[in-house]
Number of protein chains: 2
Amino acid sequence: MTAKASSDANGVGAERISDAEHAVMEALWRKSPQTAVEVCDAVCKERGWSIPTVKTLLSRLVNKGVLATEPDGRRFLYTPRIKRSDYVGTESKRLVERLFGGRAAPLFAQLAENEALTPDDIAEIERLLQEMKK
Amino acid sequence: MTAKASSDANGVGAERISDAEHAVMEALWRKSPQTAVEVCDAVCKERGWSIPTVKTLLSRLVNKGVLATEPDGRRFLYTPRIKRSDYVGTESKRLVERLFGGRAAPLFAQLAENEALTPDDIAEIERLLQEMKK
DNA sequence: GCATTCAGATTACAAATGTAATCGCAAACT
DNA sequence: AGTTTGCGATTACATTTGTAATCTGAATGC
């Protein structure tokens, strides 16, 4: 076998995570490890899924190398192998790349123009800016 | 027929645009109208595509209602029916929604932490903030 | 010990996506 | 006018994604 899946130059987690898969990841980032059933409890209601669906998604995520499994009696416990902050960072950067030529300022401008910035956001961002200047 | 595709409550352009399709849109946002061949000239090299691929993507985009066509002799001229700024706005909001619970500040923090903010970005953002406070 | 149950594994299947090749037809050339 | 050619339209086909149903084998309950 050609030493394929589950890792790359950047370490674990280069495989793309789909939207449905992402929901599962969120549940596990919130709390882990969890069993398939627990994950379902966390997401099935909201997404209108049944357990088989969750199991499929868990398998795919394991194949993609972004979830680790640990046997616990007859079932498995699933744990993320990538940090949410890394995922979020990659996705954010990808968007900025695709839509704003890699510059973050235009994204900010866009959000501003869109009223997507609450006064709280603005205050917080100002605080972060001050923070950075030190 | 059930008065289906090509528009929704928000007006034109609710259909999701895929990655490949997005490259085509970018070319047309940069300059329009353009023929299929011109679009190909603009993107085929970089993406390693051949003309048929571009034509497929153009068709799909027309079906999705995000491109308008206008006959020009024997061929078509393609023009975006949605503004890039709208698309960008929607996509940005979607990301902020998915990854940051709708709050823009954490996105900003994320970018900051990731060194994804150049000094220019920072300066620009500060300027925008001042701007907004007036 | 044997039936039931409950896990993960395997298979399913339609829609979307990436990436074309082919078809059919009208315009252009000769 | 007949032939070529250059277009959009139609068809193709593998992969990924969404959403499951079924299978298989081990643990559990009698």
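None of the values given here were measured: they were computed from a predicted structure. Here is the naming used below: chain letters follow the sequence lines, and residue numbers restart at 1 for every chain.
The side chain of K64(A) places an N or O atom within less than 4.0 Å of a non-bridging phosphate oxygen (OP1 or OP2) of dT17(D). Using a 4.0 Å cut-off, some side-chain N or O of S18(B) falls inside it from OP1 or OP2 of dG18(C).
Taking atom NZ on K55(B) and atom P on dC7(D), their separation rounds to 6 Å, with Å as the unit. As a whole-Å value, the separation of Q34(A) CD from dA7(C) C1' is 17 Å. When the P atom of dA9(C) is taken as reference, atom CZ of F76(A) falls 5 Å away, rounded to whole Å. Going from atom CG of L58(A) over to atom P of dG8(C) covers 8 Å, rounded to whole Å. Taking atom CZ on R75(A) and atom P on dA27(D), their separation rounds to 13 Å, with Å as the unit. Remark: C1' of dA16(C) and CZ of R16(B) are 12 Å apart, rounded to the nearest angstrom. Whole-Å rounding puts the H22(B) NE2 to dA16(C) P distance at 20 Å. A straight line from CD of E70(A) to C1' of dG8(C) spans 16 Å, rounded to a whole angstrom.
At a threshold of 4.5 Å between non-hydrogen side-chain atoms, the residues W29(B) and H22(B) count as touching. At least one side-chain heavy atom of V88(A) sits less than 4.5 Å from a side-chain heavy atom of F100(B). Looking at L129(B) and L129(A), their side chains come closer than 4.5 Å, going by heavy atoms from C-beta outward.
The stretch residues 48-60 of chain A participates, sequence neighbours left out, in no side chain to side chain donor-acceptor pair (under 3.5 Å) pair at all. Counting only residues at least two apart or on different chains, the disulfide bond (SG atoms under 2.5 Å apart) pairs with a member in residues 32-76 of chain A are C40(A)-C44(A).
E124(B) has a carboxylate O that lies under 4.0 Å from a charged side-chain N of R127(B), or vice versa, which qualifies the two as a salt bridge. With respect to the salt-bridge test (charged N to carboxylate O, under 4.0 angstrom), the residues E26(A) and R84(A) qualify.
The stretch residues 89-97 of chain B has no heavy atom under 4.0 angstrom from DNA chain C at all.
The residue R74(A) sits close to a base: some heavy atom pair falls under 4.0 Å.
In terms of position along DNA chain C, the nucleotide closest to L77(A) lies nearer the 5' end than the nucleotide closest to the other residue of the pair L77(A) and L57(B). The nearest heavy atom of DNA chain D to A36(B) and to A20(A) marks one nucleotide each, and the one closer to the 5' end goes with A36(B).
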N/O-N/O pairs, protein side and nucleotides 20-22 of chain D side, under 3.5 Å:
| unit_1 | atom_1 | unit_2 | atom_2 | d |
| --- | --- | --- | --- | --- |
| dA20(D) | OP2 | G48(A) | O | 3.4 |
| dA20(D) | OP2 | T53(A) | OG1 | 3.4 |
| dA20(D) | O5' | S50(A) | OG | 2.8 |
| dA20(D) | O5' | T53(A) | OG1 | 3.1 |
| dA20(D) | N7 | T56(A) | OG1 | 3.0 |
| dA20(D) | N6 | T56(A) | OG1 | 2.6 |

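Every residue was checked against the side-chain hydrogen bond (donor to acceptor under 3.5 Å, both in side chains) condition with Q34(A), not counting sequence neighbours, and none meets it. Annotation: side-chain hydrogen bond (donor to acceptor under 3.5 Å, both in side chains) contacts of R98(A) (sequence neighbours excluded): D19(B), Y87(B).
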